Amino acid sequence: MLQLSGLNAHYGHVHALRGVDLSVQVGEVVTLIGANGAGKSTLMMSLFGMPRASSGKIIFEGEDITKLPSHEVSHRGIALVPEGRRIYPRMTVLENLQMGTAQADPANFAVDLKRMEELFPILADRRDQRAGTLSGGEQQMLAIARALMSRPKLLLLDEPSLGLAPLYIKKIFQIVRELKRDFGMTILLVEQNANHALKVADRAYVLQHGEIVLSGTGAELLASPEVRAAYLDGGH
């Protein structure tokens with residue numbers, strides 16, 4: 001479904017991504033782990049041209065989308081749940097979900113809203129509540145639901161567990177499992193919580209200083225001495 005080939009990206013003179021090769025197949029959960037500043041969020045945003053790839057290719061469903069504007073990338077069926085959630089705090093939960101339908105057929109709204117409220121029951125209870133008054137975990141669920149309202153083919157999750165209490169971290173990764181199992185969702189997941197992320201991953205990559213340094217199945221990387229030393233056994 002998604003193929004990055006020799007992807008390079010810069011922020012001014014800073015070489016943020018260095019020849020990244022990465023693929024995501026239909027129905028997979030692919031996890032990208034790495035330390036702060038490794039380039040994980042940059043990789044996600046580069047799919048939307050922010051920053052624009054300086055060289056290399058981004059292929060989505062056989063089409064070269066490397067130079068497409070952001071809104072055209074969204075139209076192709078890619079949705080991003082950004083780091084920090086970025087919900088609309090003064091809007092209600094329902095209004096936030098409506099904002100997620102900009103790329104979708106309005107005729108599907110009622111069906112999709114019901115599906116989101118079944119997947120995230122707390123949102124049904126909070127439908128008329130301002131989003132900014134939700135807890136961090138509830139806001140993260142809203143951000144995921146808002147992205148799903150566009151009926152994406154590929155869902156990008158950027159640090160979904162960041163700053164959440166352990167109970168909500170567990171819930172978020174359970175939701176990832178349910179999206180794959182029950183909806184066949186294809187997911188590219190960026191996470192610092194390597195333990196949880198690798199357990200839900202079909203395949204995974206380790207990004208270090210803008211380069212892919214390891215790849216394999218989630219189970220293989222979970223058992224890797226290098227990964228355990230750096231990210232799981234008290235490493236940073």
Side-chain angles (χ1 to χ4, degrees), residues 29-45 79-97 99-100 113 115-150 152 155-183 185 187-202 204-207 218-219 221-222 227-236:
V29 174
V30 174
T31 290
L32 183 65
I33 64 171
N36 276 334
K40 304 185 303 297
S41 293
T42 298
L43 187 149
M44 291 288 224
M45 294 305 297
L80 171 66
V81 180
E83 181 182 348
R85 301 180 283 276
R86 300 186 195 176
I87 48 95
Y88 300 100
R90 296 184 64 82
M91 291 184 177
T92 66
V93 167
L94 178 59
E95 288 167 340
N96 270 268
L97 294 175
M99 293 296 290
L113 178 61
R115 184 175 65 156
M116 289 306 103
E117 291 185 341
E118 289 173 348
L119 186 59
F120 305 96
I122 193 66
L123 299 184
D125 297 338
R126 304 279 198 270
R127 183 189 283 196
D128 298 319
Q129 186 172 324
R130 283 193 179 184
T133 65
L134 301 177
S135 71
E138 291 165 352
Q139 288 184 16
Q140 187 63 67
M141 292 180 188
L142 176 58
I144 295 172
R146 181 181 61 186
L148 292 172
M149 288 293 288
S150 68
L155 180 66
L156 309 178
L157 296 175
D158 192 356
E159 302 283 9
S161 75
L162 185 66
L164 300 186
L167 176 63
Y168 276 110
I169 291 175
K170 184 177 180 180
K171 286 184 177 180
I172 291 300
F173 284 101
Q174 182 58 41
I175 287 165
V176 172
R177 290 186 180 92
E178 290 176 6
L179 289 174
K180 173 183 167 61
R181 183 190 67 219
D182 299 338
F183 298 98
M185 183 65 63
I187 299 171
L188 177 58
L189 168 67
V190 159
E191 255 297 335
Q192 284 192 60
N193 193 324
N195 185 49
H196 282 290
L198 292 174
K199 285 179 179 177
V200 301
D202 294 298
Y205 297 85
V206 178
L207 192 68
L221 292 195
L222 197 59
V227 171
R228 297 203 66 84
Y231 303 107
L232 297 173
D233 295 331
H236 301 285

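What you see below is based on every heavy atom in this structure, not just the backbone, and it leaves out hydrogens, waters and symmetry mates. Note that the coordinates shown come from a computational prediction; the quantities given were computed from them, not determined experimentally.
Interatomic distance, OG1 of Thr133 versus CD of Glu138, reported as 8.5 Å (0.5 Å rounding). One finds the CZ atom of Arg126 at 7.0 Å from the CG atom of Leu134 (value rounded to the nearest 0.5 Å). Atom-to-atom distance recorded for Leu162:CG and Ile172:CD1 is 11.5 Å, nearest 0.5 angstrom. The distance from atom CG of Leu156 to atom CG of Leu32, rounded to the nearest 0.5 Å, is 11.0 Å. The CE atom of Met116 sits 11.5 Å away from the CG atom of Leu142 when rounded to the nearest 0.5 Å. Considering CG of Asp182 and CG of Leu179, their distance stands at 8.0 Å, rounded to 0.5 Å.
Note on residues 158-179: pairs passing ring pair (Phe, Tyr, Trp, His ring centres under 6.0 Å), not counting sequence neighbours, are Phe173-His196. Each salt bridge (Lys or Arg N to Asp or Glu O under 4.0 Å) pair with one or both residues in residues 127-137, not counting sequence neighbours, appears once here: Glu117-Arg127.
Ala147 and Ala79 make their closest contact through O-CB, 3.9 Å (heavy atoms, listed as atom of the first residue, atom of the second, distance). What you find for Leu148 and Arg115 is that their closest heavy atoms are O-NH2, 3.9 Å. Annotation for Leu207 and Tyr231: closest pair O-OH, 4.3 Å, computed over non-hydrogen atoms. Smallest separation of non-hydrogen atoms from Leu123 and Val93: O-CG1, 3.9 Å. Between Glu191 and Pro160, the shortest heavy-atom contact is OE2-CD, 3.2 Å.
A donor-acceptor contact shorter than 3.5 Å links the side chain of Thr31 to the backbone of Ala197.
The side-chain contact (heavy atoms from CB on, under 4.5 Å) check on Gln174 picks up Arg177, Glu178, Arg181, with sequence neighbours excluded. Considering only residues two or more places apart in sequence or on other chains, Lys180 meets the salt bridge (charged side-chain N to carboxylate O under 4.0 Å, His left out) condition with Asp202. Residues passing the side-chain contact (heavy atoms from CB on, under 4.5 Å) test with Tyr88, sequence neighbours excluded: Met91, Asn96, Met99, Arg146.
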Show which side-chain atoms of residues 33-45 pair as donor or acceptor with protein atoms under 3.5 Å away, not counting sequence neighbours.
from, atom 1, to, atom 2, distance (Å)
Asn36, OD1, Gln192, NE2, 2.6
Lys40, NZ, Gly34, O, 3.0
Lys40, NZ, Ala35, O, 3.1
Ser41, OG, Glu83, OE1, 3.1
Ser41, OG, Asp158, OD1, 3.1
Ser41, OG, Asp158, OD2, 2.9
Thr42, OG1, Tyr11, OH, 3.3

Exercise. Check the pair Leu97, Thr92 against side chain to side chain contact (heavy atoms under 4.5 Å, CB included), reporting the backbone distance first and the verdict last.
Key: CA-CA 9 Å; Leu97 294 175; Thr92 66; over 6 Å; no
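Within the 4.5 Å cutoff, side-chain heavy atoms of Ile144 are placed close to those of Phe120.
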